[in-house]
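In this chain, residues are counted from 1 in sequence order. Everything numeric in this text was worked out from a predicted model, so none of it was measured.
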Amino acid sequence: MSFGCRSSRAGTRTTLPDPTKVAPVTVPTNPRAVTRADVARYAGVSTSVVSYVVHDGPRPVAPATAARVREAIRVLGYRPNASAQALRTGSSKMLGLIVPELDNPFWSELAVAVTHAAAARGYDVLLANSDGDAAQERERLRSLSARQVDGVIVTSIMTHPDLSTVTDPGLPMVLLNTFFEVPEYASIGVDALRGALDGTRHLVEHGYGSIGLVMGHTGSMELREQGWMRALREAGLPDGPIVRTAFTRRGGYEAGLRMFADDTGPRAVFVSSDMQAIGVMRALWELGLRVPEDVAIVSFDGAAEADYTNPQLTTVRQPIETMAVAAVDRVLGLDADNQWHRDLVPAELVLGASCGCDVRR
């Protein structure tokens, strides 16, 4: 027995509405069609309350109400439209970051530090990898600047990076971990010359009379090379051998084989990156040479991986967290002085056993 009324069309049934009940909220079947107003109706709140819950402010929302809004968001499949929000507020709450090598622990650590610093300011980070290639670096810069980010932080292995591909000339931009001042652009970097000078001086103080250099390709006499050379000149030592190679483990390995293949190699070596130093250590092991008994090593960067070599690397450590916070604050214009200039931060010589120091505890 049926209590409904059949229509003239076969297979359909019309149920008479119950006037004592409120009509249910229709759940849109297409997630893209779900709006903030749909969420508000489902949760029984205003659209402003939905916005406060989604953006965690600026006004507080009672826990029970917030839970109801989040349940509505889950059921309806609501996704906030970041592009629309950016148009309304004039800010995407997003920063762009370009790094040259994500497989290098130093750059990975720096990228993580930048994301943490940005998150503390309420920003997310859109990350791009240039693979250490100038053409790719220019393309990543063009792409990020076209995505309505609020600023771009560029880390480059180029001595003078090409920033001409920025589509928005007014886009705030900061160069991070650059060793040279780039006119018209704010830059933040470590005092590499002083760091290399201190690292090489430390080898001199151990009494090593011949100190070589494994230097990454930079296209010019870079600050780490200048620091190494100044330390030798101050000590009255002759310039040691130089091998130029890639800023990679493989590059260091090949440099080590070239520098120490015969008995004419130096007693110590300053290496321009930790990754290269790890490669040098592998080459020395294959050649039957011990660190530091036969060859002492000091490297540059201070990545976490340097703490786990055997022996532990003595390294000139860059203050990654300090530089990351400074770069984020700079690109967001949080400094009192927002004019372009170069901020120089000091490096720290961290002693391991690779230089010949006895660091046993």
Side-chain angles (χ1 to χ4, degrees), residues 104-106 192 195-218 221-222 224-318 347-361:
N104 184 322
F106 173 79
L197 179 64
D198 291 344
T200 308
R201 278 176 175 169
H202 184 70
L203 291 172
V204 171
E205 290 165 0
H206 272 283
Y208 304 128
S210 175
I211 303 172
L213 173 68
V214 172
M215 185 68 223
H217 294 302
T218 60
M221 182 180 284
E222 196 242 44
R224 283 167 287 193
E225 182 173 346
Q226 294 179 34
W228 165 81
M229 184 174 293
R230 182 181 297 181
L232 296 182
R233 300 286 168 80
E234 287 179 354
L237 295 177
D239 293 347
I242 301 176
V243 176
R244 304 186 190 280
T245 187
F247 282 100
T248 62
R249 300 176 187 88
R250 181 72 187 182
Y253 170 74
E254 293 174 351
L257 292 179
R258 290 167 56 190
M259 185 173 286
F260 299 99
D262 52 38
D263 295 334
T264 63
R267 179 62 182 83
V269 61
F270 182 78
V271 187
S272 62
S273 78
D274 296 336
M275 295 302 100
Q276 291 171 317
I278 291 170
V280 170
M281 294 175 79
R282 173 58 186 261
L284 292 173
W285 178 81
E286 289 187 3
L287 294 170
L289 298 173
R290 299 166 301 165
V291 178
E293 291 84 358
D294 299 311
V295 179
I297 299 176
V298 172
S299 61
F300 192 95
D301 273 345
E305 196 163 334
D307 293 337
Y308 298 94
T309 59
N310 185 24
Q312 180 181 344
L313 278 169
T314 293
T315 184
V316 178
R317 178 169 293 168
Q318 302 195 60
E348 176 190 8
L349 182 64
V350 180
L351 298 180
S354 69
C355 60
C357 285
D358 185 356
V359 293
R360 291 173 296 180
R361 298 290 186 268

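Looking at every heavy atom in both residues, P292 comes nearest to A353 through CG-O, 3.3 Å. The minimum heavy-atom distance between A261 and L287, with the atom names listed, is N-CD1, 4.3 Å. The heavy-atom pair separating G209 from P238 by the smallest distance is O-CD, 4.3 Å. Residues S354 and V291 share a closest heavy-atom pair of O-CG1, 3.7 Å. The two residues S272 and G216 make their nearest non-hydrogen contact at OG-N, 3.0 Å. Of all non-hydrogen atoms in L203 and A296, the two that sit nearest each other are CD2-CB, 4.1 Å.
You'll find the side chain of I211 stays beyond 4.5 Å of the side chain of P266, heavy atoms only. Looking at M215 and F247, their side chains come closer than 4.5 Å, going by heavy atoms from C-beta outward. The side-chain heavy atoms of V316 and R224, taken from C-beta on, include no pair separated by under 4.5 Å. Between D294 and L284, the closest side-chain pair of non-hydrogen atoms is not below 4.5 Å. By the 4.5 Å heavy-atom criterion applied to side chains, T314 and L349 are counted as neighbours. V204 is not listed as a side-chain neighbour of E234, based on a closest heavy-atom distance of 4.5 Å or more. Residues R233 and D239 meet the side-chain proximity criterion, which asks for heavy atoms closer than 4.5 Å. Between Q318 and F106, the closest side-chain pair of non-hydrogen atoms falls below 4.5 Å.
Atom CZ of R267 is surrounded by more than 12 heavy atoms from other residues, nucleotides or ligands within 6.0 Å.
Partners of Y208 under the ring pair (Phe, Tyr, Trp, His ring centres under 6.0 Å) rule, at least two apart in sequence or in another chain, are H206. Annotation: side-chain contact (heavy atoms from CB on, under 4.5 Å) contacts of E305 (sequence neighbours excluded): P105, R249, M275, I278.
Distance CG/L289 to CE/M281: 12.5 Å, rounded to 0.5 Å. Distance CH2/W228 to CG/L232: 5.5 Å, rounded to 0.5 Å. Note that SG of C357 and NE2 of H202 are 3.0 Å apart. Values are rounded to the nearest 0.5 Å.
Checked against V271 for a side-chain contact (heavy atoms from CB on, under 4.5 Å), the options V243, I297, L213 give a single hit: I297.
Taking a cutoff of 4.0 Å between a charged side-chain nitrogen and a carboxylate oxygen, E205 and R201 do not qualify as a salt bridge. Looking at E225 and R244, a side-chain N of the basic residue comes within less than 4.0 Å of a carboxylate O on the acidic one, giving a salt bridge.
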>> Could you walk me through whether E286 and R282 satisfy the salt bridge (Lys or Arg N to Asp or Glu O under 4.0 Å) test, starting with their C-alpha distance in whole Å, then the side-chain angles of each, then the deciding distance to 0.1 Å, before giving a yes or no?
In response: CA-CA 6 Å; E286 289 187 3; R282 173 58 186 261; 3.0 Å; yes
>> Applying salt bridge (Lys or Arg N to Asp or Glu O under 4.0 Å) to E254 and R258, what does each step give before you reach the verdict?
In response: CA-CA 6 Å; E254 293 174 351; R258 290 167 56 190; over 6 Å; no
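D274 places no side-chain N or O within donor-acceptor distance of the main-chain N or O of A306, the cut-off being under 3.5 Å.
In the model, D301 has no side-chain atom that pairs as donor or acceptor with a side-chain atom of S273 under 3.5 Å.
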